[in-house]
Amino acid sequence: EINLEIKKGSLNALVGTDGSGKTSFLMSFTGEMPKVTGSLRYKGSIAYVEQEPTIFGGTFKENVLFGKPYDEARYKQAIEACNLVNDLRLFSKGDDAEIVSGGLNLSGGQRARLAFARAVYADADIYLLDDPLSAVDPKVARSLYKNAIDGVLKGKTIILVTHQVDFVKTCENIIVIEHGKVLGSGTLDELSAKGVHP
């Protein structure tokens, strides 16, 4: 029971309790959640940042490029926006450092930011962000939001799953989901008027 239209180039927060269907909603775009009825239409390329990031065996740089040609300016922009400059200084080989499959030689926060940088570098049209800000500390989360989501990716169509009220408030559109159903969408004021609370 999802009937929704998302404006191109808008920043949308997707909120709901654990198990409400947020990840399933995002996975419907990637085809990982099979569609039983209805239709889903979108135009453009998709970048998906999962809750549990997929990190591949290879160099740090290879994990960001993900098979795409190297563009120095875009690469630098992605690294800076995702707060990875200082991390690269810790590796003796910089971005040529070997990353173990699964990212076992990285912290949880580093894995999350590396996956985010890969998505930023992809320069997609639509960004599905499954709560990437919860894997990092509050200061880094604010930086990622400012420099990546509301910075480099500004003007892209973004669906951001988050539980952090400060970020939800700044989104153009808030989608509230519960038990796989959309209870409402709109600005904070519009939702309040409908009696729906994110």
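Each residue takes its place number in the sequence, starting with 1.
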Just wondering, do [Y] and [X] contact through their side chains at under 4.5 Å, heavy atoms?
X      : Y      : result
Lys156 : Asp123 : yes
Ile149 : Tyr127 : no
Thr59  : Asp95  : no
Pro132 : Leu160 : yes

Taking the side chain from [X] and the backbone from [Y], do they hold a donor-acceptor pair closer than 3.5 Å?
X      : Y     : result
Asp131 : Gln51 : no
Asp125 : Ser45 : yes
Lys22  : Gly16 : yes

Under 3.5 Å, is there a donor-acceptor pair between the [X] and [Y] side chains?
X      : Y      : value
Thr187 : Asp189 : no
Asp130 : Thr23  : yes
Tyr145 : Thr170 : yes

ask   = Any salt bridge between Lys61 and Asp96, counting N to O under 4.0 Å?
value =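 Between Asp96 and Lys61 there is no salt bridge, as every charged N stays at least 4.0 Å from the carboxylate O atoms.
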query = Could you give the distance from OG (Ser10) to CD (Glu172), rounded to the nearest 0.5 Å?
reply =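 Spacing of OG (Ser10) from CD (Glu172) equals 5.5 Å.
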task = Could you give me the CA-CA distance, side-chain angles and deciding distance for Lys154 and Asp150, then say whether salt bridge (Lys or Arg N to Asp or Glu O under 4.0 Å) is met?
result = CA-CA 5 Å; Lys154 199 168 184 72; Asp150 202 32; 3.0 Å; yes
